[in-house]
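Written below as structure tokens is the structure these notes are about.
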Amino acid sequence: MLRKLHLISGLAAALLLTVVALSGAVLSLSPALERASAVDAGPGAISVATLASRVSERMPGVETLVRRPSGMVIAYSQLDGEQRASIIDPATGAAVGDYLPSSAWRWLKNLHRKLFLGDAGRVAVGVTAAFMLLVTFSGLALLARRMGGWRRVLDPIRGSGLQRLHNETARVVLAGLALSALTGLVMSLASFGLIPEGGGQEPEYTAAPASAPPLPIGRMAALDIGLSSLRQLTFPSPDAPGDVIELDTGDGTGAVDPATGQWLGFQSADGWQRMNGLVRMLHTGQGLWWLGLLLGAASLSVPVLGVTGLLLWLGRRRASPKLTAVNAPARDADTVLLVGSESNSTWGFAAALHTALTAVGLRVHVAPMNELADSYRAMKRLLVLTATYGDGDAPESAARFLSKLPQWTAPEGAAFAVLGFGDRQFPNFCGYARKVHDALMARGLRALAEPGMVDRQSEPEFRQWCEGLGGALGLPSDRRLDIRYTPMLPPTVALKLVSRDDYGRDASDLTAVLRFVPEGARQPAFEVSDLLGVVPPDASAPRYYSLASAAADGMVEICVRRHPQGLCSAYLTDLRPGETIRAFIRAHARFRPQAGGDAVILIGAGAGVGPLVGFIRQNTARRPMHLYFGARDAENGFLYRDELQGLVSDQRLRALNTAFSRSGNRTYVQERLLADAPNLRALIAQGAQIMVCGGRRVADGVAQAWERILAGSGLSVAQLKAQGRYVEDAY
């Protein structure tokens with residue numbers, strides 16, 4: 001609901017928000033420019049009486065003095081029957097130039113405040129400010145939800161490049177946008193009388209006797225106030241006997257007797273006047289030119305946030321599940337189906353289950369696990385289908401589920417079932433699904449069955465679990481769940497193999513570096529370490545390979561090791577230059593070097609060195625990078641040997657450390673790490689990040705080695721992972 005509110009508000013006012021924000025950003029320069037052109041009063045404070053005396057001596061016939069919030073003093077006088085506005089030097093009272101308001105600024109103000117449409121435009125701008133306020137607060141709430149709570153709202157943001165651009169920009173400018181929107185809304189409400197502007201009462205006084213001679217204005221006690229409090233002073237008209245001096249200050253308005261220099265009457269500013277004055281200052285920056293520049297800079301982000309938000313929405317729409325059955329509202333559903341997915345593949349299974357459950361008469365609501373509602377009033381059963389990221393972590397769409405679970409109100413007597421998706425080569429196979437199962441048990445829900453586990457998106461295993469679920473739900477034999485699963489794959493592009501480098505002694509020990517170029521006009525966008533999804537012939541589930549290149553390199557490069565029973569690896573390593581495949585890109589922003597200049601310790605084994613080489617290639621800033629590379633054979637298994645040696649010479653790679661298990665000194669990469677323990681501990685103490693890429697066994701062995709290296713340092717692998725300083729891409 002919150003995401004929809006944020007989206008609808010942003011889309012509804014997108015064009016007006018852009019116009020109002022950009023015009024406001026330009027107008028924010030005005031206070032700073034005016035402040036720069038204002039003439040300083042010089043050392044020491046002067047009074048209004050002194051200023052008025054100096055100006056009246058230098059400029060006979062002056063009618064009005066105005067002090068703008070920037071500090072600029074303007075004198076209005078009559079010259080040859082025409083009104084003249086002059087910029088005044090407060091130190092001397094002399095005119096230093098004409099005050100000529102820019103027609104361009106007036107045009108921009110008209111656009112910003114009322115869109116050249118009079119009162120109708122003012123209404124539109126006020127509504128736009130309300131939408132902006134709604135967008136900023138809903139965006140802040142979404143950011144806190146994405147980060148896992150308000151306490152983590154300043155933590156590093158993960159996600160794709162577009163997600164990080166949108167959220168990082170929003171995090172920086174939200175306060176400024178909220179302030180601009182709130183003050184703009186208050187000003188709009190005040191302009192239409194929906195909130196009081198204040199100051200409706202005029203000061204009461206008795207007019208001065210017309211026959212009394214005027215006192216020199218520099219000696220008037222009522223005008224002995226600081227110049228900074230002046231807004232406007234109107235001199236008495238020489239043609240109107242008994243006329244008074246009118247004075248408008250930050251504290252109120254009043255009338256001064258020209259004969260005595262004393263107050264005839266004074267009306268203090270009320271609370272509404274003071275509030276509206278503060279709101280105007282905060283919105284326009286008049287009187288706080290530096291704040292105006294900050295708010296203007298924040299306003300420039302509105303088009304960026306609008307475009308990136310729209311692209312993210314379109315991306316979610318393209319990747320969202322296509323449910324064939326009606327998705328029941330959460331408040332009416334008797335069955336809630338929550339989905340945890342990293343690459344959307346789990347949604348295909350969820351869509352099939354949703355259709356089958358709906359067909360037997362259940363009211364089913366499907367949503368990502370992160371969107372767990374506070375309560376489901378009609379829910380009788382909760383079904384969870386979740387993938388496991390890495391070795392037991394939550395996938396992207398379930399990252400906040402366990403933290404939200406304690407606040408969830410579980411219906412009395414509700415039951416649940418959990419199905420996990422993973423890869424059996426990981427020791428913690430479907431580990432996150434088991435965590436979810438245990439957490440729901442702890443909340444007091446009744447388990448319909450032990451957590452199910454599906455290996456590598458096996459359709460038969462999924463169907464078997466669904467059959468057991470139907471029995472647990474008590475469905476009769478004539479109403480069995482009719483599962484019709486169709487893999488949900490994104491659109492693919494054609495890639496032509498242009499070159500390959502082969503390593504290994506023979507076909508059974510083959511590792512190939514494959515380089516493709518896109519065919520046709522469509523060029524996919526990707527970064528190093530993103531995943532290339534390939535569905536081999538006669539298979540339904542994709543296999544993923546980490547990219548060693550970025551789109552800017554003009555090619556798609558992957559490392560593939562041929563496995564004895566590997567359907568996809570055999571398909572890819574059998575390719576010859578000129579042949580094509582169809583594939584798609586999955587973002588994999590979790591496995592990237594952190595921003596900054598701290599050292600990066602790269603650890604790769606076999607084909608896992610691919611994305612690490614890509615990171616080193618991109619290291620044009622010569623950030624300290626240390627590579628530990630493990631392979632079987634120095635002669636036939638040293639991937640990228642010549643290029644890595646060139647990267648060392650180019651200083652993009654600070655140190656290259658190799659370990660070969662079947663040649664030379666016959667050592668493993670874990671042993672090389674332990675041998676360099678003192679140096680590695682020093683790098684970690686200085687803020688270094690660790691990145692590990694390779695098979696699951698290698699990753700586990702490397703983690704054990706690091707526990708020994710970190711012993712006594714006060715740090716552990718788990719702590720470094722929590723800080724984002726130890727990341728794995730294990731397969």
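Below, all heavy atoms of this structure are taken into account, side chains as well, without hydrogens, waters or symmetry copies.
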Tell me if a side-chain donor or acceptor on [X] pairs with a main-chain N or O of [Y] at a distance below 3.5 Å.
| X | Y | value |
| --- | --- | --- |
| Asp700 | Arg697 | no |
| Arg725 | Ile684 | yes |
| Ser569 | His563 | yes |
| Ser397 | Ser341 | yes |
| Ser549 | Met555 | yes |
| Arg617 | Ala548 | yes |
| Thr308 | Leu162 | no |
| Thr169 | Leu165 | yes |

Next item on the list: Quick one: do Lys404 and Glu371 satisfy salt bridge (Lys or Arg N to Asp or Glu O under 4.0 Å)? Show the steps, please.
Entry: CA-CA 9 Å; Lys404 296 178 70 172; Glu371 295 184 12; over 6 Å; no
Atom pair [atom1] ([X]) and [atom2] ([Y]), whose distance is rounded to the nearest 0.5 Å:
| X | Y | atom1 | atom2 | result |
| --- | --- | --- | --- | --- |
| Leu612 | Leu639 | CG | CG | 11.5 Å |
| Arg500 | Leu514 | CZ | CG | 5.5 Å |
| Phe401 | Asn370 | CZ | CG | 9.5 Å |
| Ile709 | Ile690 | CD1 | CD1 | 7.5 Å |
| Gln457 | Phe421 | CD | CZ | 8.0 Å |
| Leu674 | Gln670 | CG | CD | 8.0 Å |

Side-chain touch [X]/[Y], heavy atoms, less than 4.5 angstrom:
| X | Y | value |
| --- | --- | --- |
| Val702 | Tyr726 | yes |
| Phe416 | Arg443 | no |
| Phe516 | Ile558 | yes |
| Leu647 | Asn619 | no |
| Gln723 | Leu715 | yes |
| Leu469 | Leu419 | no |
| Val609 | Tyr640 | yes |
| Trp465 | Val454 | no |

For a quick test of reading the model, state the closest non-hydrogen atom pair linking [X] to [Y] and the distance between them.
| X | Y | value |
| --- | --- | --- |
| Leu673 | Leu680 | O-CD1, 3.4 Å |
| Pro624 | Arg654 | CG-NH2, 3.6 Å |
| Gly422 | Cys430 | N-SG, 3.6 Å |
| Thr386 | Ala398 | OG1-CB, 4.5 Å |
| Arg576 | Glu579 | N-OE1, 2.7 Å |
| Pro593 | Phe615 | CD-CE2, 3.6 Å |

Margin query: Under a 3.5 Å cutoff, is there a donor and acceptor pairing between the side chains of Arg562 and Thr573?
Written below: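 Yes, side-chain donor-acceptor contact under 3.5 Å.
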Checklist line | Salt bridge present between Arg582 and Glu519 (N-O < 4.0 angstrom) | finding: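 No, no charged N to carboxylate O under 4.0 Å.
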Next item on the list: Give a yes or no on whether a salt bridge exists between Glu459 and Arg463, defined as a side-chain N under 4.0 angstrom from a carboxylate O.
Entry: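 Counted as a salt bridge, because a side-chain N and a carboxylate O are separated by less than 4.0 Å.
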Next item on the list: Start with the C-alpha gap between Val600 and Gln594, add the side-chain angles, then the distance that decides, and say whether side-chain contact (heavy atoms from CB on, under 4.5 Å) holds.
Entry: CA-CA 9 Å; Val600 183; Gln594 290 182 327; over 6 Å; no
Please check if the number of heavy atoms outside [X] that lie under 6.0 Å from its [atom1] is greater than 12.
| X | atom1 | value |
| --- | --- | --- |
| Arg708 | CZ | no |
| Arg484 | CZ | no |
| Gln464 | CD | no |

Check: When the ring planes of Phe462 and Phe349 are compared, do they come out parallel, tilted or perpendicular, using 30° and 60° as the limits?
Finding: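 Aromatic pair Phe462/Phe349 classed perpendicular.
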Next item on the list: Evaluate the ring planes of Phe584 and Tyr544, with Trp represented by its six-membered ring, and classify them as parallel (under 30°), tilted (30 to 60°) or perpendicular (over 60°).
Entry: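 Taking Tyr544 first and then Phe584, their aromatic rings stand perpendicular (interplane angle over 60°).
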Next item on the list: Please list all pairs passing the side chain to side chain donor-acceptor pair (under 3.5 Å) test where one or both residues lie in residues 524-534, with sequence neighbours left out.
Entry: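 Non-adjacent pairs meeting side chain to side chain donor-acceptor pair (under 3.5 Å): Ser529-Arg592, Asp530-Arg592.
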Next item on the list: I would like to know whether Arg623 and Asp598 meet salt bridge (Lys or Arg N to Asp or Glu O under 4.0 Å); could you show each step before the answer?
Entry: CA-CA 7 Å; Arg623 177 182 187 175; Asp598 292 328; 5.8 Å; no
Item checked: Step-by-step salt bridge (Lys or Arg N to Asp or Glu O under 4.0 Å) determination, Asp438 to Arg434 -> CA-CA 6 Å; Asp438 294 344; Arg434 290 196 294 269; over 6 Å; no
Item checked: Evaluation steps, side-chain contact (heavy atoms from CB on, under 4.5 Å), between Phe591 and Met691 -> CA-CA 8 Å; Phe591 193 72; Met691 305 187 71; 3.9 Å; yes
Note to self: Quick one, Tyr503 with Val513, criterion side-chain contact (heavy atoms from CB on, under 4.5 Å). Give me CA distance, side-chain angles, the key distance, then yes/no.
What the structure shows: CA-CA 8 Å; Tyr503 299 84; Val513 177; 3.9 Å; yes
Check: Can you list the steps and then say if Tyr571 with Arg543 is a side-chain contact (heavy atoms from CB on, under 4.5 Å)?
Finding: CA-CA 11 Å; Tyr571 165 63; Arg543 299 294 184 265; over 6 Å; no
